[in-house]
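These notes concern the structure reproduced below.
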Amino acid sequence: MFELIDKTYNPKSFERDVYEKTVQFFEPYEKAGDVFVIMMPPPNVTGKLHVGHSLTYMIQDILIRYYRQKGRKVLWQPGIDHAGIATQMVVERTLEEKGIKKSDMSREEFINVIWEWKEKSGGLIAEQQKLLGCSAPWNRSRFTMDESMNRAVRHAFVRLYKDGLIYRDKRFVNWDTKFKTAISDLEIVNKEEKGILWHIKYNFSDGSGHITVATTRPETMFGDTAVAVHPNDERYKNFIGKMVKIPFTNREIPVIADEYVDMEKGSGCLKITPAHDHNDFMVGKRHNLEIINILDEDGHMENFEYVPEFIRGIYLKKARKEVLERLKSENLLIKEEEITHSMPYGDRSNTVIEPLLKEQWFVDAKTLSVEALRAVQNKITRFIPEKWENTYYDWLNNIQPWCISRQIVWGHQIPAWFTERGDIIVEETEEEAKRIGGPNIRRDTDVLDTWFSSALWPFATLGWPENTPDLKEFFPTSVLVTGFDIIFFWIARMMMMSLYFMREVPFRDIYIHALVRDEKGQKMSKSKGNVLDPIELMEEYGADALRFTLAFFSVPGRDIKIGKEHIKISRNFITKIWNAARFLQHKNVSFEHNIKDLSPKSHLNKWVIAKLKKFQEEVDLNIKEYRFDYLAKNIQIFLRETFCDFFIEALKIVDTEETKNTAGAVFQEFLRIAHPVIPFVTDHLAQILGITDTFINKSGVHVNELPNHEESERTVDQLIERIHVERSSGDISLESFSEELKKLGC
RNA sequence: GGUCGCAUAGCUCAGUUGGUAGAGCACUACGUUCACAUCGUAGGGGUCACAGGUUCAAGUCCUGUUGCGACCACCA
């Protein structure tokens, strides 16, 4: 007959095998049902699977497997993101380890090195996703820098430009002095830190004393074009309109009055450096001040016309030290005040971001945001949980122009050319650009923000701008599953781009899941050493145990705290399923019967079918409502309390043919229902038990096909209740229990 | 400064239209009698953060307070 189930549950021995046997079903294929589509958020090409990934992909896989079972035509579009700055960083570091400097290479050579690296290491995460059980059609996988994606990106850029929604402008950008590129507002993280507020003497030109300026950035004084006080500040009222001299260079600047100045802060007197501070820039604009830039792209002091000799060409931090020393020795430094303030850092470079006035490419996000807002307000796309709508609205309502140009090499090069006269030509191809601008045009070397291509993901992966059959069939998608951390980076931008180019929302539902933290609730990070490696966990406890745990803890609106212990508990539960199967096999239970055809006579069997029906209804609801925690709990309760604790125990006493057939049929249905959450063990057991249909693409019996057995359910529930009471009062009689059961079992 | 969330057993958390407080882990005791010690059975343990209010009835709804967290903004 069939092989015996091993005594011990050893997931390692069969998981890979089970996966490979079912790979053929991962492609979308023709079915009567509607399509169900999820765009897999593409992990970074540099990525390694972490627990957070496991959660997000596991949830998607549950949905995919569930709807595939239900007969829907399912597409789970996988892919990889080129992750511009992050990848360039990683590759640069590997080069440095080999003693090679990026600066020794041409742009083309360096790009080639990255591509080589991508070909070699970029497939790692997909292999790890397979270990987790992700049932995606991998041969459809897209890379955000594929030729087809590149085509889509160029097309999108050109259209937005010609429609006036992409433009070139000189304005403040966040300048990363380490990578020498502009970054978007979102790529900044603010860090609280201790700093010093220096009070500095600026002498009046007429020799009538001084005014005290407070600043945290004394080195920028050479770019000052005014000193500002509050118009109502009695202390300084008489000084307004006078001229002061900047130390060392003695350039003269006026004292001006502006409401922006806070009398309470610092000395109440503020130096205005329009080129290096957003607010100063605004003040400068109001007062028609000159804008003097004194920093170069690496953060060194430049503009020698204004910067004194002793700090020329020096990095700003060092320049600050030098300036302070000079101030001290010349008795211009009045006091040092310790303060805490937050400073902007680049999320990748971890260096202080300088606001610099630069010419960059921008997207008019304000205009695009209108439709994106409306779509959610009108519930065409809904957030689950709903509260994230507010986050989304807040950001879109206050949206700023999106700086999309990056001065790095790894990314989609902007399809713009400059003529010798400095005119800009934006076209999809070089040929077209040359046709317009002549042969001597020069292409912009900037590349696009990685999120620009990501924003096109839901339709670009399906063949857009071509109107392909895939695009027609699979767009818009059913649900986007992701964490709240990329609502701005990605979700909002996909909404904007989809609505602009496709005139449709990219997805109906947005399911926002929790963040995974360690047992103590701390963010997992390498430096803290509290990172749980999902690969190790799967190795030790099996992919199903990891999946089950993550589902079990994914309560909406609360972060997931897990440790190894939790995975172990899930593994123990799966062992319980395993042993239930062993028992049924041991009892020679048949799995050939379909539960629909059973029509049992006994209350016991009718009862278990009624419970199964309820379980099924619950599960359907849980999936619909994205309650994966309930889903896992329901699986556990049904198997443990209904099936093992009572039904199997009863089966030991009344092992009639009817009861055994019911056991086989019910267990089989259970395996099917649990399959989306724990695909490996369920499929494996099915194979051994000789259940001929594969679970992956066949749903079990529909809830409506199961009869109602409410009376039997009540009868047996009452019996169970009585047993509990008798047991707790101590006078349990096994014989009377058996008698009762036999009555129910006839 | 703005927004949102959380506070229930020693720990991690459920509690889905208000109706006698739940699970798992941990703990205690018992148990290896046809799956399962990666287990089973039983047990102890909670003023549901605090203060008001609505209600016949509040963990659940409303107001306020405290503590914790996240995000956004500002940041001389």
Side-chain angles (χ1 to χ4, degrees), chain A residues 5 7-10 185-186 188-190 192-193 195-200 212-218 220 227-228 260-273 277-280 337 339-344 385 387-391 393-395 397-398 484-485 487-488 514-515 517 519-523 541-542 545 552-553 555-563 565-566 568-587 589 618 621-622 625 627 629-630 632-633 636-637 640-641 644-645 648-649 651-653 655 724 727-728 730 732 734:
Chain A
I5 300 173
K7 193 160 174 4
T8 50
Y9 164 59
N10 180 11
D185 298 346
L186 289 177
I188 285 180
V189 282
N190 290 306
E192 280 271 306
E193 58 183 34
I196 295 169
L197 188 60
W198 287 281
H199 293 245
I200 298 164
T212 304
V213 170
T215 181
T216 52
R217 303 202 53 187
T220 62
V227 163
Y260 164 69
V261 179
D262 184 339
M263 291 189 270
E264 310 291 314
K265 273 187 186 171
S267 63
C269 176
L270 187 60
K271 65 192 225 31
I272 301 296
T273 325
D277 184 281
H278 289 97
N279 291 307
D280 288 9
E337 189 184 333
I339 53 158
T340 49
H341 58 164
S342 68
M343 294 289 286
K387 64 165 180 172
W388 293 111
E389 282 179 7
N390 292 326
T391 309
Y393 294 149
D394 279 355
W395 191 69
N397 281 326
N398 299 305
F484 66 82
D485 48 333
I487 289 180
F488 311 141
L515 241 52
R517 296 168 180 280
E519 300 111 304
K520 290 171 202 141
Q522 299 197 316
K523 224 170 178 171
Y541 301 108
F552 196 90
F553 284 97
V555 176
R558 197 191 273 268
D559 286 342
I560 302 178
K561 292 182 211 169
I562 55 165
E565 196 54 32
H566 299 113
K568 200 172 146 189
I569 293 161
S570 300
R571 193 271 320 267
N572 294 355
F573 169 65
I574 292 165
T575 309
K576 184 87 182 166
I577 303 174
W578 185 266
N579 284 312
R582 279 181 65 216
F583 178 74
L584 297 183
Q585 191 180 48
H586 165 81
K587 273 281 182 187
V589 160
E618 286 285 320
L621 192 68
N622 297 158
E625 295 180 340
R627 287 303 300 256
D629 55 331
Y630 286 171
K633 265 161 215 160
Q636 203 175 45
I637 288 168
R640 182 166 261 142
E641 293 177 14
C644 292
D645 292 357
I648 283 191
E649 290 310 314
L651 173 65
K652 287 177 184 172
I653 295 161
D655 56 348
H724 276 295
R727 270 189 183 154
S728 55
I732 174 189
L734 194 65

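Heavy atoms only: backbone and side chains are in, while hydrogens, waters and symmetry mates are out. Each chain gets a letter, A, B and so on, in the order its sequence line appears, and its residues count up from 1.
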- prompt: Which nucleotide, B:rA76, B:rC39, B:rC36, lies nearest any side-chain atom of A:Asn572?
  reply: B:rC39
task: Would you mind reading off the distance between A:Ile577 atom CD1 and B:rC39 atom P, rounded to a whole angstrom?
output: 13 Å
query: Heavy atoms under 4.0 Å, any strand shown: does A:Ile569 hit a base, just sugar-phosphate, or nothing?
result: sugar-phosphate
- request: Mind checking A:Ala214 for me? I need base, sugar-phosphate or nothing, with any heavy atom below 4.0 Å counting as a touch.
  value: sugar-phosphate
Heavy-atom donor-acceptor pair, A:Asn579 side chain to A:Arg582 backbone, under 3.5 Å: no
message: Of the options B:rG40, B:rA76, B:rA35, whose atoms approach the side-chain atoms of A:Ile648 most closely?
response: B:rA35
field: Dot-bracket notation for RNA chain B, counting Watson-Crick and G-U pairs under 3.5 Å, with | for partners on another strand
entry: (((((((..((((.....[..)))).(((((.......))))).....(((((..]....))))))))))))....
query: Are side-chain heavy atoms of A:Leu651 and A:Leu584 found at a separation under 4.5 Å?
result: yes
- line: Taking for A:Phe552 and for A:Phe583 the nucleotide of RNA chain B with the nearest heavy atom, the one nearer the 5' end belongs to A:Phe552
message: Using the P atom as the point on both nucleotides, what is the distance between B:rC13 and B:rC6, in whole Å?
response: 13 Å
query: When the distance from NE2 of A:His566 to C1' of B:rA14 is rounded to whole Å, what number comes out?
result: 14 Å
Are there any protein N/O atoms within less than 3.5 Å of an N/O atom in nucleotides 15-18 of chain B, and if so, which ones and at what distance?
from	atom 1	to	atom 2	distance (Å)
B:rG15	OP1	A:Arg627	NH2	3.3
B:rG15	OP1	A:Tyr630	OH	2.7

query: Base, sugar-phosphate, or nothing for A:Lys271, non-hydrogen atoms under 4.0 angstrom?
result: nothing
task: Drop me the distance from A:Ile569's CD1 to A:Gln636's CD, to the nearest 0.5 angstrom.
output: 9.5 Å
message: List the residues meeting side-chain contact (heavy atoms from CB on, under 4.5 Å) with A:Thr212, not counting sequence neighbours, and say none if there are none.
response: A:His199, A:His210, A:Ser267, A:Ile334
statement: Separation between CZ (A:Arg217) and CH2 (A:Trp198), nearest 0.5 Å, reads 10.5 Å
message: Counting only side-chain nitrogens and oxygens, does A:Lys633 get under 4.0 Å of the OP1 or OP2 atom of B:rG22?
response: no
message: If we ignore hydrogens and angles and just use 3.5 Å, is the side chain of A:Thr8 paired with the main-chain N or O of A:Asn10 as donor and acceptor?
response: no
field: Qualifying residues under side chain to side chain donor-acceptor pair (under 3.5 Å), relative to A:Asp629, sequence neighbours excluded
entry: A:Arg627
- request: List the atom of A:Lys271, the atom of A:Asp280, and the distance in Å for their closest heavy-atom pair.
  value: O-OD2, 3.4 Å
message: Whole angstroms only, please: what is the OH-C1' distance between A:Tyr260 and B:rA76?
response: 7 Å
message: Using the C1' atom as the point on both nucleotides, what is the distance between B:rG43 and B:rA35, in whole Å?
response: 26 Å
- request: Rounded off to whole Å, could you give me the CG-to-C1' distance for the A:Asp185 and B:rA73 pair?
  value: 11 Å
field: Distance in angstrom units between A:Asp559 CG and B:rC13 P, rounded
entry: 9 Å
message: Salt bridge check, A:Arg640 against A:Asp645: does any charged N sit closer than 4.0 Å to a carboxylate O?
response: no
message: Between A:Ser570 and A:Lys568, do the side chains contain a donor N or O and an acceptor N or O under 3.5 Å apart?
response: no
message: Distance check, P atoms only: B:rC48 and B:rG10, in whole angstrom units.
response: 13 Å
query: Quick one: is A:Lys587 getting a side-chain N or O under 4.0 Å of the B:rC34 phosphate, OP1 or OP2?
result: no
message: When you measure from the side-chain N and O atoms of A:Lys576 to the phosphate of B:rG40, is any distance below 4.0 Å, counting only OP1 and OP2?
response: yes
field: Nearest-Å distance once atom C1' is located in both B:rG31 and B:rG69
entry: 45 Å
message: From NZ of A:Lys561 over to C1' of B:rA14, roughly how many Å is that when rounded to an integer?
response: 14 Å
query: For A:Ser342, does its backbone N or O pair with a side-chain atom of A:Glu193 as donor and acceptor, under 3.5 Å?
result: no
message: Measuring from the side chain of A:Cys644 (C-beta onward, heavy atoms only), which nucleotide among B:rU41, B:rA76, B:rA35 has the closest atom?
response: B:rA35
task: Grab the two heavy atoms, one from A:Trp578 and one from A:Lys7, that are nearest each other, plus how far apart they are.
output: NE1-O, 3.9 Å
query: Contact class for A:Phe553 vs. all strands (heavy atom < 4.0 Å): base, sugar-phosphate, or nothing?
result: sugar-phosphate
- request: Could you list the residues that satisfy salt bridge (charged side-chain N to carboxylate O under 4.0 Å, His left out) with A:Lys633, not counting sequence neighbours?
  value: none
message: Taking the P atom in each of B:rG59 and B:rG18, what is the distance between them to the nearest angstrom?
response: 13 Å
query: What is the nucleic acid contact for A:Asp645, judged by heavy atoms within less than 4.0 Å: base, sugar-phosphate only, or nothing?
result: sugar-phosphate
field: Nearest-0.5 Å distance, CD1 of residue A:Ile648 to CG of residue A:Asp655
entry: 12.5 Å
task: Provide the distance between the two C1' atoms, one in B:rU16 and one in B:rA70, to the nearest whole Å.
output: 25 Å
- prompt: Counting only distance, no hydrogens or angles, is the base of B:rA76 paired donor-acceptor with the side chain of A:Glu264 under 3.5 Å?
  reply: no
message: Without decimals, in angstroms, what is the distance between A:Glu565 CD and B:rC13 P?
response: 15 Å
- request: Anything under 30° is parallel, anything over 60° is perpendicular, the rest tilted; go ahead and classify A:His566 against A:Phe553.
  value: perpendicular
field: Spacing between A:Glu389 atom CD and B:rU3 atom P, to the nearest angstrom
entry: 18 Å
- request: Looking only at side-chain atoms of A:Asn190, point me to the closest of B:rC36, B:rU12, B:rA73.
  value: B:rA73
task: Considering just the side-chain nitrogens and oxygens of A:Arg582, establish if one lies under 4.0 Å of OP1 or OP2 belonging to B:rC34.
output: no
- request: Between B:rA9 and B:rG46, how far apart are the P atoms? Round to whole Å, please.
  value: 10 Å
- line: With the side chain defined as heavy atoms from C-beta on, A:Phe488 is closest, among B:rU38, B:rC74, B:rC71, to B:rC71
Under 3.5 Å between N/O atoms: give me all the protein pairs with nucleotides 4-7 of chain B, atom names plus distance.
from	atom 1	to	atom 2	distance (Å)
B:rC6	O3'	A:Arg558	NH2	3.2
B:rA7	OP1	A:Arg558	NH2	3.0

message: On RNA chain B, does the nearest nucleotide to A:Met343 precede the nearest nucleotide to A:Lys7 from the 5' side, or the other way round? Give the residue.
response: A:Lys7
Rounded distance in Å between the P positions of B:rU3 and B:rU55: 30 Å
